[in-house]
Engineer: 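Handing you a structure now.
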Protein chains: 2
Amino acid sequence: MTAKYKVVEAALERDLIEGKFDDIRKLPTEDELIEIYKVSRNTIRRAVDVMARRGMIMPIQGSGMFLRDVFQEGCVNLEVFRGMTDTFKNNRLETKVIAFDQIFANEEIAKAMRCEIGTPMFYLERVRIVDGIPNCFEYSWLNRNYIPYLNNEIITNSVYEFITSDPKKKIGYVDRVITARRLTEKEAKMLSLKEGDPALVSTNCAMFKAGELFDYSINVHNFETVKFLKLSNFA
Amino acid sequence: MTAKYKVVEAALERDLIEGKFDDIRKLPTEDELIEIYKVSRNTIRRAVDVMARRGMIMPIQGSGMFLRDVFQEGCVNLEVFRGMTDTFKNNRLETKVIAFDQIFANEEIAKAMRCEIGTPMFYLERVRIVDGIPNCFEYSWLNRNYIPYLNNEIITNSVYEFITSDPKKKIGYVDRVITARRLTEKEAKMLSLKEGDPALVSTNCAMFKAGELFDYSINVHNFETVKFLKLSNFA
DNA sequence: TATAATTTGTCCGTATGTATA
DNA sequence: TTATACATACGGACAAATTAT
């Protein structure tokens with residue numbers, strides 16, 4: 001059973017993306033949305049709250065809820081975590097698998113993934129190519145106690161989609177540390193750049209709702225094409 | 001009159017930082033917090049919701065609200081925008097003013113700041129030094145129609161603090177685009193790095209609650225010392 | 001300029017669902 | 001299985017900011 005506020009949010013987002021509100025650059029008022037969706041004011045407010053956090057709208061007290069036009073070409077919105085397959089669904093996304101191994105956590109990985117040394121892991125290296133341009137070189141570790149099975153098809157498409165296709169495994173938290181550093185020789189080669197070029201690096205931990213850390217990954221982005229977008233609002 | 005949920009949130013944050021919950025790594029239950037703060041359940045939930053978004057706690061249904069220990073030393077938490085003066089209040093923060101001019105918006109700046117060409121602006125260049133290490137070289141443009149006055153003391157301390165000291169001027173939104181690029185010669189010199197070294201760059205727009213874009217800035221960070229932290233949770 | 005209407009923001013109490021212990 | 005604790009949802013009331021009269 002999907003929560004009502006999520007249904008409303010999805011519907012509003014779809015309408016917004018389809019340009020339904022482009023004429024007046026405003027959403028209907030809360031009272032109108034209550035009528036449209038036949039839910040309580042709280043539920044409406046919760047739905048639009050998420051949209052406001054994602055930077056899609058800007059509610060102004062006494063005035064209305066206005067569309068924002070910050071929509072980014074080619075920016076990765078940090079408020080919307082959905083894996084690359086979804087982020088670039090309107091682009092041609094290729095994935096080159098460089099490594100796909102079953103390993104066991106060493107001290108460093110065990111610490112990063114908050115588990116015992118020797119915990120079984122999948123280790124991946126992949127290059128993501130968007131519209132023919134190398135976008136990202138990814139190192140991934142996945143805890144096999146939580147993700148027991150993967151195959152070549154899954155990792156060539158979307159690990160994220162595969163995991164969330166199990167309704168019991170709901171992603172709860174994703175932490176990212178964003179840094180810049182120099183590309184290694186290997187990374188440069190994979191991204192068609194030069195060794196020592198700048199890299200925009202995102203080091204990620206993904207956890208399930210109950211807190212189990214199942215995924216640790218280092219994403220080394222092409223600095224020429226990748227931008228992160230962070231939208232904040234202060235209620 | 002400050003909102004109750006903000007009061008509760010501030011109190012809980014202070015308690016958490018002071019280590020009040022360190023023994024069991026949990027917050028009191030919602031019902032206990034209702035008793036403690038004498039407010040409704042909604043108000044409690046709203047307060048802890050903000051804390052969860054900031055990555056301080058992890059609420060787990062059926063179990064409790066657990067402390068998270070992600071508080072990475074020296075990371076700039078992207079969920080908490082408060083200017084550097086506040087972020088580094090426990091560090092020695094120096095500011096070197098390189099430029100402080102009154103100018104008028106050219107086409108490029110007018111576009112970025114969504115205003116007319118010729119709009120009066122303050123233009124700043126500053127180096128921020130944390131504990132003796134150059135942390136960030138900042139270019140800032142401030143719309144003088146919204147920020148009519150600044151002086152050397154204000155810009156050496158905190159423009160942000162000065163602006164928000166006026167209770168009528170409440171910051172509503174901050175958009176950031178995060179990229180990596182090479183340092184220019186000037187930037188490298190200011191940061192005690194080498195020309196061509198990587199830079200972690202944040203390009204920011206800050207808006208008041210009613211949407212006026214008052215500040216545009218480009219922050220070029222020292223890639224050796226600066227990390228951004230982005231914490232997400234998926235309710 | 002002042003007032004009323006509109007619209008979002010805050011807060012309360014209650015009921016029921018769902019995941020965990 | 002039962003109790004605990006967070007999640008969702010409803011409806012009502014009033015406050016605050018903006019817009020229209």
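Predicted model, so just to flag it, every value in this text is computed and none were measured. First the proteins, then the strands, lettered A, B, ... as listed; each starts at 1.
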Engineer: Considering just the side-chain nitrogens and oxygens of A:Tyr5, establish if one lies under 4.0 Å of OP1 or OP2 belonging to D:dT8.
Structural biologist: yes
Engineer: Taking OP1 and OP2 of D:dC10, is either one under 4.0 Å from a side-chain nitrogen or oxygen of A:Lys4?
Structural biologist: yes
Engineer: Could you give the CG-to-P distance, from B:Asp31 to C:dA15, as a whole number of Å?
Structural biologist: 14 Å
Engineer: Using atom CD1 of A:Ile44 as one end and atom P of C:dT8 as the other, report the distance to the nearest whole Å.
Structural biologist: 11 Å
Engineer: Round to a whole Å and report the spacing from NZ of B:Lys26 to P of D:dA5.
Structural biologist: 7 Å
Engineer: Do B:Gln61 and D:dA7 share a donor-acceptor pair, side chain to base, under 3.5 Å?
Structural biologist: no
Engineer: So which nucleotide from C:dT8, C:dG13, C:dG17 ends up closest to the side chain of A:Glu30?
Structural biologist: C:dT8
Engineer: Tell me the partner of C:dT20, counting only Watson-Crick (N1-N3 plus N6-O4 or O6-N4) or G-U wobble (N1-O2 and O6-N3) with both under 3.5 Å; none if nothing fits.
Structural biologist: D:dA3
Engineer: Return the CZ to NZ distance between A:Arg14 and A:Lys20, rounded to the nearest 0.5 Å.
Structural biologist: 8.0 Å
Engineer: Compare side-chain N and O positions of B:Arg46 against OP1 and OP2 of C:dT10 and report whether any pair is under 4.0 Å apart.
Structural biologist: yes
Engineer: For A:Asp31 and A:Thr29, which I'm curious about, is there any donor-acceptor pair between the side chains at under 3.5 Å?
Structural biologist: no
Engineer: On DNA chain D, compare the nucleotides closest to B:Arg41 and A:Arg41; which residue's is nearer the 5' end?
Structural biologist: B:Arg41
Engineer: What integer distance in Å separates A:Asp49:CG from C:dT8:P?
Structural biologist: 13 Å
Engineer: Expressed as a whole number of angstroms, how long is the span from B:Met58:CE to C:dT20:P?
Structural biologist: 13 Å
Engineer: When rounded to the nearest 0.5 angstrom, what is the spacing between CG in B:Leu16 and CD in B:Glu9?
Structural biologist: 11.0 Å
Engineer: Hey, which sits more toward the 5' end of DNA chain C by its nearest nucleotide, A:Lys170 or B:Lys38?
Structural biologist: B:Lys38
Engineer: Can you tell me how far C1' of C:dA21 sits from CD1 of B:Ile60, to the nearest Å?
Structural biologist: 12 Å
Engineer: Return the value, rounded to whole Å, for the distance between atom OH of B:Tyr173 and atom P of C:dT8.
Structural biologist: 12 Å
Engineer: For D:dA7 and B:Arg45 - does any side-chain N or O of the residue sit under 4.0 Å from the phosphate oxygens OP1/OP2?
Structural biologist: yes
Engineer: How long is the gap from CZ on B:Arg68 to CG on A:Asp175, to the nearest 0.5 Å?
Structural biologist: 4.0 Å
Engineer: Check the distance between C:dT6's C1' and A:Ile34's CD1 and give it to me in whole angstrom.
Structural biologist: 14 Å
Engineer: Picking from C:dC12, D:dG11, D:dT8, which would you name as closest to the side chain of A:Asn42?
Structural biologist: D:dG11
Engineer: Using a cut-off of strictly less than 4.0 Å, decide whether A:Ser63 has a side-chain nitrogen or oxygen near OP1 or OP2 of C:dT7.
Structural biologist: no
Engineer: Taking only Lys NZ, Arg NE, NH1 and NH2, and the carboxylate oxygens of Asp or Glu, determine whether B:Glu79 and B:Arg53 approach each other closer than 4.0 Å.
Structural biologist: no
